[in-house]
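Shown next, in structure tokens, is the structure this report addresses.
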Protein chains: 2
Amino acid sequence: MKTFSISEVAKQLNLTIYTLRYYDKEGLLPNVERTISGTRLFKKSDIDALKIIECLKATGMPIKEIKNFINWCSEGDTTLQQRYDMFIERKAAVEAQMEELKKTMEVIEHKCFYYKTALDAGTEDVHKDNKMGRNFAPTY
Amino acid sequence: MKTFSISEVAKQLNLTIYTLRYYDKEGLLPNVERTISGTRLFKKSDIDALKIIECLKATGMPIKEIKNFINWCSEGDTTLQQRYDMFIERKAAVEAQMEELKKTMEVIEHKCFYYKTALDAGTEDVHKDNKMGRNFAPTY
DNA sequence: TTATCCCCTAGAGTTAACTCTAGGTCAAGT
DNA sequence: ACTTGACCTAGAGTTAACTCTAGGGGATAA
């Protein structure tokens, strides 16, 4: 079966070899084999595992919790429920992040418009309403 | 003009007073006034500034860069272009994050399905194809 | 006036996730 | 035999963004 060196995997997944060794040290890669002299041999399934790890990281999951998941996988079918629950929870987390990002986007787009208008006018004063006298604090 | 204490602002924005003092120390709140004895008095405009700061943080912007923006705001109309460019860049950053989150979601949803099926079957083996013999590594 | 809060600063400590260094092994090429 | 380059470990260092502690001040309530 074909194997890959740590630097090949690093290049392929856009990670550093430091990061890969760190993940291994943290117990995220319990199935990576070694040569007699200790060099890691990554299989395709290890690369797939790393892709899932990156995906879970992207949901905001800390490495210690990802490690729990990896352990559950090694424990077999008795942990299927935990793993299912975990992915349902991750789905909710991603949905929440998407919602927050949408709100953030609205504010950012409003600011793009605000500054476009100010830039066209040559001054931010176009946005100042002077009903209650001059406001000396910047508006951001 | 009405002002707010640090703990009122903290409660209102769901931040700690430590965080607010930290932001102040880092130069993110140059317009917060003080009593003679040194107690901070937050105005509504300071709270608005904090909301923008939280928004920029949500785009992934580090505090040092947010500080640059705050400084530009104090410098007036000469920095309008920088500020506009910054928000355009932030918009692109948020779009990229949305894209990544969408891809992440697809993988997570696939896993939800994968584990739902396995759970119904009582074993993960339903997903194993045995064409090339038994695979002993867990699949994640 | 004494107790209780809330406020302050300076600076130390924490946490996560790397990132790097020192010192060493090993296989291949010359 | 020797050099080169990729690999290894243990453990120290880094960075961002807080988070907390110690020690102290001012205002209000009993």
Side-chain angles (χ1 to χ4, degrees), chain A residues 2-43 46-47 49-70 93 97 100 104, chain B residues 2-43 46-47 49-70 93 97 100 104:
Chain A
K2 198 186 172 194
T3 61
F4 305 85
S5 73
I6 195 165
S7 59
E8 283 169 331
V9 176
K11 185 170 284 180
Q12 214 181 114
L13 300 181
N14 242 319
L15 298 168
T16 67
I17 54 171
Y18 302 132
T19 302
L20 288 170
R21 292 206 268 246
Y22 166 67
Y23 286 176
D24 195 4
K25 196 164 12 177
E26 293 299 307
L28 263 45
L29 303 169
N31 297 297
V32 173
E33 286 174 30
R34 304 280 188 130
T35 62
I36 308 105
S37 57
T39 297
R40 271 169 274 247
L41 297 172
F42 290 78
K43 295 177 298 299
D46 297 317
I47 293 172
L50 277 163
K51 284 178 186 166
I52 292 294
I53 288 166
E54 290 306 289
C55 175
L56 289 172
K57 271 210 317 158
T59 74
M61 200 175 196
I63 271 155
K64 278 183 186 173
E65 282 177 42
I66 298 178
K67 186 198 151 93
N68 291 340
F69 166 68
I70 297 291
Q97 284 171 55
E100 209 209 316
T104 299
Chain B
K2 195 182 174 197
T3 60
F4 305 85
S5 72
I6 195 166
S7 58
E8 284 170 329
V9 176
K11 185 171 285 183
Q12 214 180 115
L13 301 181
N14 242 318
L15 297 169
T16 68
I17 55 174
Y18 302 131
T19 303
L20 288 169
R21 290 205 269 247
Y22 166 68
Y23 286 176
D24 195 5
K25 197 166 6 180
E26 292 299 306
L28 262 43
L29 304 169
N31 297 299
V32 173
E33 287 174 28
R34 305 278 189 131
T35 62
I36 309 103
S37 56
T39 297
R40 270 170 274 248
L41 297 172
F42 290 79
K43 297 176 298 299
D46 297 317
I47 293 172
L50 276 162
K51 284 178 187 167
I52 292 294
I53 288 165
E54 289 307 288
C55 174
L56 289 173
K57 270 209 319 160
T59 73
M61 200 175 194
I63 271 154
K64 278 184 186 170
E65 280 176 43
I66 298 177
K67 186 196 152 94
N68 290 341
F69 166 68
I70 297 292
Q97 284 169 56
E100 209 209 317
T104 299

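Below, chain A is the first sequence line, B the second, and so on; all start at residue 1.
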Under 3.5 Å, which donor-acceptor pairs link side chains of residues 22-29 of chain A to any protein atom two or more places apart or in another chain?
residue  : atom : partner  : partner atom : Å
Tyr23(A) : OH   : Glu54(A) : OE2          : 3.2
Tyr23(A) : OH   : Lys57(A) : NZ           : 3.1
Asp24(A) : OD2  : Arg34(A) : NH2          : 3.4
Asp24(A) : OD2  : Arg40(A) : NH1          : 2.5

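- Contacts of Glu33(A) classified as salt bridge (Lys or Arg N to Asp or Glu O under 4.0 Å), with partners at least two apart in sequence or in another chain: Lys43(A).
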How far apart are the C-alpha atoms of Ile52(B) and Leu56(B), what are their side-chain angles, what is the distance that settles it, and do they pass the side chain to side chain contact (heavy atoms under 4.5 Å, CB included) test? CA-CA 6 Å; Ile52(B) 292 294; Leu56(B) 289 173; 4.1 Å; yes
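- Taking Lys67(B) as the reference, nothing meets the salt bridge (Lys or Arg N to Asp or Glu O under 4.0 Å) condition, with sequence neighbours excluded.
- Nucleotides of DNA chain D lying under 4.0 Å from heavy atoms of chain A occupy a range whose first and last members, 5' to 3', are dC7(D) to dG11(D).
- Heavy-atom nearest nucleotides on DNA chain D were determined for Ser37(B) and for Lys57(B), and the one closer to the 5' end corresponds to Lys57(B).
- Scanning residues 3-14 of chain B for heavy-atom distances under 4.0 Å to DNA chain D yields an empty list.
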Show me, pair by pair, the donor-acceptor contacts under 3.5 angstrom made by side chains of residues 7-15 of chain B, not counting sequence neighbours?
residue : atom : partner : partner atom : Å
Ser7(B) : OG   : Ser5(B) : OG           : 3.2
Glu8(B) : OE1  : Ser5(B) : N            : 2.7

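- Of all non-hydrogen atoms in Gly60(A) and Gln97(A), the two that sit nearest each other are N-NE2, 4.4 Å.
- Shown for residues 15-30 of chain B: residues whose heavy atoms fall under 4.0 angstrom of DNA chain D, namely Tyr18(B), Thr19(B), Tyr22(B), Tyr23(B).
- Partners of Thr35(A) by side-chain hydrogen bond (donor to acceptor under 3.5 Å, both in side chains), not counting sequence neighbours, listed by chain and number: Ser37(A).
- Annotation: ring pair (Phe, Tyr, Trp, His ring centres under 6.0 Å) contacts of Phe4(A) (sequence neighbours excluded): none.
- With sequence neighbours excluded, the residues that form a side chain to side chain contact (heavy atoms under 4.5 Å, CB included) with Pro30(B) are Tyr140(A), Ile70(B), Ser74(B).
- With sequence neighbours left out, Thr3(B) forms a side-chain hydrogen bond (donor to acceptor under 3.5 Å, both in side chains) with no residue at all.
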